[in-house]
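For the single chain, residues carry numbers from 1 onward in sequence order. Small disclaimer: the values here were computed from a predicted structure and weren't measured.
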Amino acid sequence: MLSDEEIREATSHFVETYPSGYITRSEFIRDNQMQFGGEEDFWKRLFDSICGENQTKLELKDFLVTLYMHLRAPLEEKIRFAFQCNDLDSNGYLEQNEILSIVKALWKTTHYNEEVKAQQTPNLKKILENPNEEEAAKQLLALLDKTGDGRVSEEEFVSACLENENVISLFSLSVTAFASITVGEGHDFRTLELEEFSSQVAGHKGKLQMLKSKDGKIWKPYNPTEFEFYESLGTLPSNTYLRKMVTEYYGRHYILHEGVKTQYIVLRDLTRHMRRPCILDLKIGTQGYGVDATPGKVIQQVALCSATTSRKLGFRMCGMRVWQDGAYVIKDKPWGATISGKESMSRAIKLYLDNGNGPRFDLIKYFLPVLHNLLSWFKEQALFRFYSSSLLFIYEGDPEPGLEENKRMGSRKDTKRDSGSDEEEGGGQGSSNDSQPQHLSLRASAILTESHVSSGRPIVKMIDFAHAHPIPDSPPGSPPLRDESYITGLSELIQILEAIQLQGINIIGVPSSFKEGDTTHDMVKTSFLSPTFCNWCKDFVW
């Protein structure tokens with residue numbers, strides 16, 4: 001058995017590394033692959049073998065059992081435990097496909113270096129050095145299969161391992177990895193060259209700051225509910241729209257700084273390729289408190305939503321950073337709280353779109369299709385309710401490269417129009433470029449292409465999931481429950497953006513002489529307002 005001191009030390013280290021008291025299945029798979037290599041499927045099945053099928057969490061008790069097997073178990077008990085871990089279908093035999101799966105994983109782990117090979121017997125060393133995984137698996141099966149029936153029973157396995165302890169080292173490597181992954185060392189603050197994430201426009205003051213590293217990652221202070229949410233995304237089908245709306249997730253890691261360990265959730269930095277990112281944070285939903293809120297938090301959030309536009313519009317502005325005339329214009333939460341209604345919210349959003357030369361109405365054509373798709377998903381989904389979650393809007397605020405390229409692109413489009421060969425823009429809809437006034441074609445072309453060719457495409461993402469909770473099952477015979485709070489805010493935001501876009505149409509030059517119903521008026525209006533606008537930009541950054 002493990003000594004009391006070993007149990008205390010292991011428990012302390014486990015809880016310190018994983019404050020939630022467990023490791024999720026996807027986290028175990030991801031961390032083992034990162035540290036030891038091997039195929040994803042191998043680590044999935046290993047987790048299931050040790051923790052049990054349909055289990056999603058590895059808890060402290062599972063870790064202590066594995067640690068005992070690794071450090072203190074008698075040899076035969078350790079051998080039988082290794083057999084059970086590698087008998088992936090639990091039928092009492094190791095068969096060709098199981099041994100091949102083991103070989104594929106173990107041959108790729110960092111443990112199998114030249115030093116390890118040198119310690120093996122000639123027969124095992126020959127198998128380890130075989131570059132053909134299928135042949136190596138056959139050789140290993142032949143070494144273990146004493147009866148020649150093409151499979152290895154538990155007793156055959158025990159016998160082979162007792163005769164040659166190096167055999168158990170092959171099959172217990174996964175157990176060793178399993179035991180050691182949970183007590184891995186943290187990242188050193190200086191090695192990562194971390195710095196404060198200066199592009200953050202909202203967040204809780206006085207708390208741990210978000211950090212960024214030079215490898216394009218954001219380090220966000222750990223929150224157990226948010227961690228659970230990110231981990232659960234990996235269980236959803238790959239085509240779930242929610243997965244497209246959330247930035248890439250790299251798991252939880254802790255940082256050692258001046259002897260103190262701090263845990264973080266690591267995410268992709270969406271601004272990493274932008275020179276002057278312009279960022280807008282909108283908190284979506286009429287309700288700001290979740291099911292886990294204390295009475296005090298409920299009172300505070302009800303008051304906040306009533307005092308801001310959250311209750312009236314279904315969303316509020318938490319902050320923005322806009323690059324204008326060589327400097328950032330920054331608006332914070334208190335400023336956002338002064339917004340009182342739809343008109344002042346519209347003015348605030350136009351300020352965000354303003355690069356110093358007037359609002360960038362062209363950006364809205366990127367944002368709206370994403371928001372319409374997200375709204376459609378929300379109307380169908382019954383997975384989560386999102387409280388105090390935000391939509392993050394980002395675009396490149398440095399106009400120099402984009403405008404220069406835009407001039408060249410605009411010049412090519414003008415040439416195509418003059419030659420009458422622009423089938424992509426005019427053909428297929430019964431319209432004629434010759435019938436359009438030249439000044440309208442040029443101005444519409446410029447406004448339609450500016451964002452598309454600028455450095456760093458516009459981005460819309462969902463962020464902040466510290467209060468994202470699963471939706472409970474609806475009563476029998478009732479329709480699925482929906483996140484009406486989020487749907488209300490998202491619908492209102494779409495309406496405001498569409499109204500701003502319509503203002504842009506009037507500003508950029510549809511002459512007053514073109515009345516409703518005129519071909520040109522309808523062409524421009526339809527192009528700007530259709531939620532399915534611009535199939536050519538369907539590869540928009542998710």
Side-chain angles (χ1 to χ4, degrees), residues 16-24 26-27 30-31 34 184-234 242-258 260-274 277-285 288 290 292 297 318-321 330 332-333 384 386-394 459-469 541-542:
E16 185 178 19
T17 307
Y18 299 98
S20 58
Y22 60 84
I23 307 169
T24 68
S26 58
E27 185 175 25
R30 182 178 56 249
D31 287 355
M34 185 180 300
E185 295 183 358
H187 299 273
D188 185 82
F189 187 90
R190 292 164 298 179
T191 303
L192 286 172
E193 298 184 64
L194 293 164
E195 59 184 39
E196 184 177 337
F197 182 51
S198 59
S199 296
Q200 185 177 3
V201 297
H204 300 285
K205 294 184 178 180
K207 302 284 186 73
L208 287 171
Q209 294 294 307
M210 287 178 63
L211 304 171
K212 71 173 182 178
S213 51
K214 291 189 175 182
D215 59 354
K217 294 184 177 67
I218 295 297
W219 296 65
K220 185 176 184 180
Y222 174 83
N223 174 278
T225 304
E226 187 159 32
F227 166 71
E228 291 246 9
F229 170 79
Y230 277 112
E231 288 290 314
S232 69
L233 288 180
L242 177 63
R243 294 184 64 168
K244 296 181 179 181
M245 288 299 299
V246 175
T247 188
E248 191 171 349
Y249 164 69
Y250 302 105
R252 59 174 168 179
H253 302 274
Y254 64 85
I255 294 172
L256 295 170
H257 184 44
E258 297 179 351
V260 177
K261 292 182 179 180
T262 306
Q263 195 138 24
Y264 289 85
I265 294 171
V266 184
L267 306 166
R268 183 186 189 188
D269 179 6
L270 296 170
T271 67
R272 68 199 183 286
H273 295 314
M274 293 187 178
C278 296
I279 303 173
L280 172 66
D281 185 322
L282 298 179
K283 191 74 69 180
I284 310 295
D292 57 344
K297 185 69 171 179
C318 287
M320 71 168 82
R321 288 167 55 91
I330 300 175
D332 57 10
K333 281 185 178 179
F384 298 100
F386 297 89
Y387 304 101
S388 290
S389 180
S390 289
L391 280 174
L392 195 70
F393 297 78
I394 310 174
I459 297 170
V460 185
K461 290 287 185 182
M462 292 178 67
I463 61 169
D464 297 339
F465 306 109
H467 304 286
H469 300 285
V541 177
W542 298 105

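- If you take CG on Leu267 and OH on Tyr250, they are separated by 9.0 Å, rounding to the nearest 0.5 Å.
- Checking side-chain atoms of Ser389 against main-chain N and O of Ile463 turns up a donor-acceptor pair under 3.5 Å.
- Note: Phe386 and Phe229 meet the aromatic proximity criterion, with ring centroids under 6.0 Å apart.
- Pro221 and Tyr264 get closest at one heavy-atom pair: N-CD2, 3.5 Å.
- Taking the side chain to side chain contact (heavy atoms under 4.5 Å, CB included) definition, one finds that Ile394 meets it with Leu270, Thr271, Met274, Pro277, Ile279, Leu392, Ile459, sequence neighbours left out.
- Taking a cutoff of 4.0 Å between a charged side-chain nitrogen and a carboxylate oxygen, Asp464 and Lys283 qualify as a salt bridge.
- Summarising the geometry of Leu391 relative to Met245, their closest heavy-atom pair is CD2-CE, 4.3 Å, with the distance given to 0.1 Å.
- Considering only heavy atoms from C-beta on, His467 stays 4.5 Å or farther from Thr225 through its side chain.
- Using bins of under 30°, 30° to 60° and over 60° for the plane-to-plane angle, the ring pair Tyr387/His469 lands in the tilted bin.
- Arg252 CZ to Trp219 CH2: the interatomic distance, rounded to the nearest 0.5 Å, is 13.5 Å.
- Rounding to the nearest 0.5 Å places CE of Met462 at 5.5 Å from CG of Leu242.
- A donor-acceptor pair under 3.5 Å is absent between the side-chain atoms of Glu27 and the main chain of Glu231, judged by distance alone.
- Phe227 approaches Ile265 most closely through the heavy-atom pair N-CD1, 3.7 Å.
- Glu226 contributes a side-chain N or O that, together with a main-chain N or O of Phe465, makes up a donor-acceptor pair within less than 3.5 Å.
- Heavy atoms only, all atoms of each residue included: Met210 and Ile218 are closest at CE-CG2, 3.1 Å.
- Taking NE2 from His253 and NZ from Lys217, the interatomic distance works out to 8.0 Å, rounded to the nearest 0.5 Å.
- To the nearest 0.5 Å, the span separating CG on Leu282 from CE on Met320 amounts to 8.5 Å.
- Judged by distance alone, with hydrogens and angles left aside, the side-chain atoms of Lys461 form a donor-acceptor pair with the main-chain N or O of Lys244 at under 3.5 Å.
- Heavy atoms only, all atoms of each residue included: Ser388 and Gly288 are closest at OG-O, 2.8 Å.
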